[in-house]
Amino acid sequence: MPENRHSIATTGILPIPAGGAIDAHWHDEHQIVYAGQGVLSVATDAGSWIAPANRAIWIPAGTVHEHRAYGYTALHTIGLTANPLALTAPSALVVSPLLRELILTYTAPMDESAERNRLYAVLLDQLKRSPQLPTYLPTPRDPRLTALCEVLYADPADNRTLTELGTHVGASERTLSRLCRADLGMTFPQWRTQLRLHTALRLLADGESVTRVAHQCGWASTSAFIDTFRRSFGHTPGASRA
């Protein structure tokens, strides 16, 4: 692996200032990353995941990834030799109130002890019960699809249809629809919604109002944004700003 892609410690708490980042690296252990405060994104060559307060990201051992913080972020990380979910790719996990407290406690400074071992065992049990919910934004590979996605990265509120965007990038709607399923593993509307949700989380963490975020991300109304956000993350966008 390139020299700047290095293995680093896997368990602890790391404060990251708003806009801060951790460059590409990997771990010899599996890892759970959780933002006890702020919003964290995890990016790999395949795409990016984003973690609001009720999500953690599972990162398998050996996966090269990087982090970026939106808003002041308290990054809690746990290295695991076990793989309780048998996951071989990064994934977003739902963090229950109990799992949150286990993560916060286990990552705090603590001597190795029987108590710590018991915490670890309960943590593994809770991870096994944790559902996976999508916060994944895949990265396109095909040049035509990359060109289309770059337009929307620059302006998530762009509401042009796939046919209209296809005219802009020189590909038919049928071709782009096929590429979305083959390259991204989802439909174009699904990908655009994921992009808008990722952008919304970042803007909320930076202190933008719910109404302004809805407008900047392309929702027809604030209420439509709130409904989509709640169905995706289990809480309102206002709670993300708290």
Side-chain angles (χ1 to χ4, degrees), residues 1 5 21-27 30-35 39-52 54-70 85-94 130-166 168-203 205 216-219 228-229 231-234:
M1 292 186 179
R5 297 189 170 196
I22 300 175
D23 292 338
H25 62 281
W26 80 93
H27 308 284
H30 308 295
Q31 190 182 46
I32 292 290
V33 297
Y34 175 69
V39 170
L40 180 78
S41 72
V42 176
T44 71
D45 290 342
S48 61
W49 290 255
I50 197 156
N54 62 349
R55 296 286 190 277
I57 306 297
W58 168 268
I59 304 173
T63 301
V64 176
H65 61 284
E66 56 189 60
H67 302 300
R68 182 168 295 278
Y70 299 94
L85 298 175
L87 292 172
T88 58
S91 182
L93 308 176
V94 175
S130 180
Q132 300 174 53
L133 286 179
T135 63
Y136 174 49
L137 186 69
T139 299
R141 305 288 186 183
D142 185 277
R144 293 160 293 181
L145 201 55
T146 298
L148 180 149
C149 292
E150 289 293 340
V151 172
L152 298 178
Y153 288 138
D155 181 14
D158 188 329
N159 277 315
R160 281 180 289 178
T161 66
L162 190 55
T163 299
E164 292 168 330
L165 289 165
H168 178 77
V169 302
S172 70
E173 183 273 342
R174 182 175 180 179
T175 295
L176 290 172
S177 291
R178 175 179 56 79
L179 287 172
C180 283
R181 289 184 173 87
D183 207 6
L184 303 176
M186 59 181 67
T187 66
F188 172 68
Q190 288 171 331
W191 186 89
R192 176 149 63 181
T193 297
Q194 285 296 98
L195 171 64
R196 288 175 170 177
L197 287 169
H198 276 226
T199 305
L201 280 170
R202 297 197 300 265
L203 292 172
Q216 288 181 292
C217 294
W219 272 276
T228 303
F229 192 99
R231 284 188 282 108
S232 298
F233 298 119

Donor-acceptor contact below 3.5 Å, side chain [X] vs main chain [Y]:
X      : Y      : result
Trp191 : Pro138 : yes
Arg196 : Cys217 : yes
Arg192 : Asp158 : yes
Asp183 : Pro140 : no
His30  : Ala61  : yes
Ser41  : Ile50  : no

How long is the straight-line distance from [atom2] of [Y] back to [atom1] of [X], given to the nearest 0.5 Å?
X      : Y      : atom1 : atom2 : result
Phe233 : Leu201 : CZ    : CG    : 4.0 Å
Leu93  : Asn54  : CG    : CG    : 11.5 Å
Thr63  : His27  : OG1   : NE2   : 9.0 Å
Asp155 : Arg160 : CG    : CZ    : 8.5 Å

Using every non-hydrogen atom in the two residues, find where [X] and [Y] come nearest and quote the distance to one decimal.
X      : Y      : value
Ala24  : Val64  : CB-CG1, 4.0 Å
Gln31  : Val33  : OE1-CG1, 3.4 Å
Ala92  : Arg55  : CB-CD, 4.5 Å
Leu145 : Cys180 : CD1-SG, 3.8 Å
Gly47  : Thr139 : CA-OG1, 3.2 Å

Does any part of the side chain of [Y], heavy atoms only, come nearer than 4.5 Å to the side chain of [X], both counted from C-beta?
X      : Y      : value
Arg181 : Thr187 : yes
Val39  : His198 : no
Trp49  : Ile59  : no
Val94  : Ser130 : yes
Thr44  : His65  : yes
Leu179 : Leu148 : no
Leu40  : His67  : yes
Leu87  : Pro60  : no

Taking the ring centre of each residue, are Trp58 and Tyr136 less than 6.0 Å apart?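 Centroid separation for Trp58 and Tyr136: 6.0 Å or greater.
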Above 12 or not: heavy atoms from other molecules or residues under 6.0 Å from CZ of Arg174?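 No, not enclosed.
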Walk me through it: do Trp219 and Thr228 pass the test side-chain contact (heavy atoms from CB on, under 4.5 Å)? CA-CA 9 Å; Trp219 272 276; Thr228 303; 3.4 Å; yes
Ser177-Glu173 side chain donor-acceptor pair, cut-off 3.5 Å: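 Result is yes, a qualifying pair exists.
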